[in-house]
Each structure stands twice: as structure tokens, then as C-alpha cells.
Amino acid sequence: MLVRLGYVAMSVVVKNASPSKTMTYATFSKLGDQEAALRKLERISAENIANTLRLLKHNRAHDIEMYRCSSKLIPLLGHDGLGDWDPIERLSDAFAELGQYAKSHRMRISFHPDHFTVLSTPREEVLKHSRADLERHVRMLEAMGLDKSAKCNIHVGGTYGNKETARARFIRNFQSLSERIRERITLENDDKTFNALETLEIAEEVGVPMVLDIHHDAVNPSAQSADELWPRIQRTWEGCCRQAEQDSGSEPAALPPKIHVSSPKSEKDPRGHADYIELPPLMAFLRAIAPSTPRLDIMLEAKMKDDALVKLMEALRGEEGVSIRSQASFEL
DNA sequence: ACCTGTCAAGTCTGG
DNA sequence: CCAGACTTGACAGGT
């Protein structure tokens, strides 16, 4: 099994390269000149995209081929107080350059819209915002020129005291999205509400790949263990990007399944994310699925970001059966 | 230079 | 029914 590692949004190694600089709405409102305020927001956006490109270059130097973009690239985008302001088009050159760099180095890029994108919501306003947020994330991926293998990962959402109706509402709302949006979505099991089995059943029903989070599964387990569910989870990834394979031309490779990995912050806060990754539980899962899994991509969700990736690779050197392939990948 | 409180968002809980 | 907790990185404003 060939395993690649990636990290989320910001680096603790590269300094002054935040992809999430912002401006609060309070500050925006206090600025007298609206036009100037919007220009400032667009300048921050351009800096965030430029910093993201710097991070991709850093990633390349460290053989990191997987990266999740910050969902805060464009501050206040979608905020009610900004009307229909949307600079994605005006930033298209910067987005295109970013995507071109990712593509030319075969990097897997994703988004994870915030928890406020909830398709299970009973509130019409929330659904409207969620649709718009998904639309914007997809437009950013399109502006980068990335094919359907670049996904937006979301959760099923809240349960509102009745998981069954929430599930039905999610499915109905999901199916009302355009195909263009639907084919960009992956579904992740939650640490409080929809567990791995419940998320898998929904992913199967609506036909999207499932991202298994093994930390969420540990704190919010389902009737079956992650190992047991894995063959079904793996199947949700099969053929999900056939078109993308054709588009990529000479090298038709299936999109590997992706999992999220983090470790509990403490006994007091088991759902929180620790600075680094604890190897033993991860190794147990990897050894269980390795025989049936040719490729796997792991998104690390540790506080120490890319430093946690480096430390994990160091720890892997001592593991039996592991052969290091690069600074950010190994075979098991 | 550093510290503390606030911000965004939607859901959920406690009172 | 409403206020506060939750989460996260970064702003905002104070010293």
C-alpha cells in the first residue's frame, strides 16, 4: 500500500504565510469608503492566494502532494452585509496560477467548507447559505482549473433531535444540487452526530466518496469498526473520477481513498486535536487495511500541521514493514 | 512585543 | 425562549 501524507491550510514551518488573513465585519463597516474597503478585502484575498502558492512550493520541496486549502481565502465572502460582492472572477489569474502549479506537480487539492455548510438543516436561510457556500468553493476549484478529483469535503450536519428526518432532509437537499456541485463533494463522518456507518450509508445512497476520519470514529463509534467498514468505504471511491482520469490523459490513475487522522488532545478533551499524531492507533488501522488497499491518502489534522507530518514520518522509520518512499510518503 | 477579548458561522445545551 | 458553549485562526485594541 502506497500512502501519501498531507496537511491542512497553514504551515508552522513557513513563517508569515497565512492563507487565512481576514478583516472583521465590524472593521469593514467602520471604514467610511465602501469602495476602498472592498479593495482592501480583495488585496487580502490576493495575499492569501499568494501565500497558498508559497505553501505549495514549500510542499513540493518536502514531497507533500496533498493539501487542503483554507476556506477563508476570501474574507467575508458570502457575508450578508456585503451584498453580492464576489471577487473570484477578478482573482482568476491568481487562482489559475495556483491551480497550474498544483497540477504540474500532481498535487491533490481540496477544500473543507466550514461547519456552517449544513445540508441537513430544516432552515431555508441556512440551506440557501450552504448552497451558495458550496457553489463558491466549487467556483474556486474551477478557477484553479482543477478537475473533479479536487473535492469539497463536508459533514452530513446536525440531527435536530431526529436523526432519521435529518438524514432524509440531507439526501433531499443534496439531490437538489446540480450535478456539477454534487460530483465535487465528499462526505465525512462526524465526531458528534452522524457516525461512520450512518455517513457511509448516506454516501452510498447519494453516490459520493466517503472520507473516513478515524479520530471521529473513535469518539463517535458506529455499530461496526472502521476496519470492518473499510471495504464499503473503499468502494465509494471506485470510479468516482472516471472523467477526471480521461482528462488527465497519459496517466489514468484512480483517485485514492482519503482518510483524516488526528489524535485526542487530552483525556479531558478527547475530541480536541492534539499537536502531533500518535502512531500506534494509526498503524493498527493501516495494517488492517493494507492488504486490500493499493493506495491511501492521509490528511493529517494536527495542531502542528506540517511539523506533525515530519514527526510522523520520523516515527514511521522504526516501524516494521514500512519503507519510506519520500519525505511525505511510504509503503506498507 | 505581547496579552486578552472578539469575531465569524450554525447547532446544541442549560436555565 | 434566549443566552452561552462550542471551534478556529486571526483581528482589534489595550498595555
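Residue numbers start from 1 in every chain, and the chains themselves are labelled A, B, ... in the order their sequence lines are given, proteins ahead of strands.
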Worksheet item: Taking the six-membered ring for Trp, are Tyr101(A) and His105(A) parallel (under 30°), tilted (30 to 60°) or perpendicular (over 60°)?
Response: tilted

Item to complete: Step through it carefully: locate the ring centre of His155(A), locate the ring centre of His115(A), and say whether they are under 6.0 Å apart.
Response: yes

Discussion item. For chain A and DNA chain C, what are the first and last nucleotides along the strand, 5' to 3', with at least one atom under 4.0 angstrom from a heavy atom of the protein chain?
Written reply: dT7(C) to dG13(C)

Discussion item. Count I, L, V, M, F, W, Y as connected when their side-chain heavy atoms are under 4.5 Å apart, and connections chain through other members. Are Leu119(A) and Tyr160(A) then in the same cluster?
Written reply: no

Item to complete: Look at the aromatic rings of Phe28(A) and Tyr25(A) and report parallel, tilted or perpendicular, splitting at 30° and 60°.
Response: parallel

Worksheet item: Are Gln34(A) and Trp85(A) linked by a side-chain donor-acceptor pair shorter than 3.5 Å?
Response: no

Discussion item. Do Glu228(A) and Ser225(A) pair up side chain to side chain, a donor and an acceptor below 3.5 Å, judged on atom types alone?
Written reply: yes

Worksheet item: End-to-end bend of the helix from dA1(B)-dT15(C) to dG15(B)-dC1(C) (five-pair axes, 10° rounding)?
Response: 60°

Item to complete: Look at the rings of His273(A) and His215(A) and say which category their plane angle falls in: under 30° parallel, 30 to 60° tilted, over 60° perpendicular.
Response: tilted

Worksheet entry | Any residue of residues 261-268 of chain A with a heavy atom less than 4.0 Å from an atom of DNA chain B | none

Practice prompt. Going 5' to 3' through nucleotides 1-15 of chain B, assign each nucleotide B (protein heavy atom under 4.0 Å from a base atom), S (under 4.0 Å only from sugar-phosphate atoms) or - (no protein heavy atom that close).
Written response: -------SBSSS---

Worksheet item: side-chain hydrogen bond (donor to acceptor under 3.5 Å, both in side chains): which pairs involve residues 278-289 of chain A, sequence neighbours left out?
Response: Arg287(A)-Glu319(A)

Discussion item. Given 3.5 Å as the limit, does a donor-acceptor pair link the side chain of Arg4(A) with the main chain of Pro256(A), or not?
Written reply: no

Worksheet item: Taking C-beta and beyond as the side chain, do Asp86(A) and Ile74(A) meet within less than 4.5 Å on heavy atoms?
Response: no

Discussion item. Which residues pass the salt bridge (Lys or Arg N to Asp or Glu O under 4.0 Å) test with Asp307(A), not counting sequence neighbours?
Written reply: Lys311(A)

Item to complete: Answer with yes or no whether the side chains of His129(A) and Asp80(A) bring together a donor and an acceptor at under 3.5 Å.
Response: yes

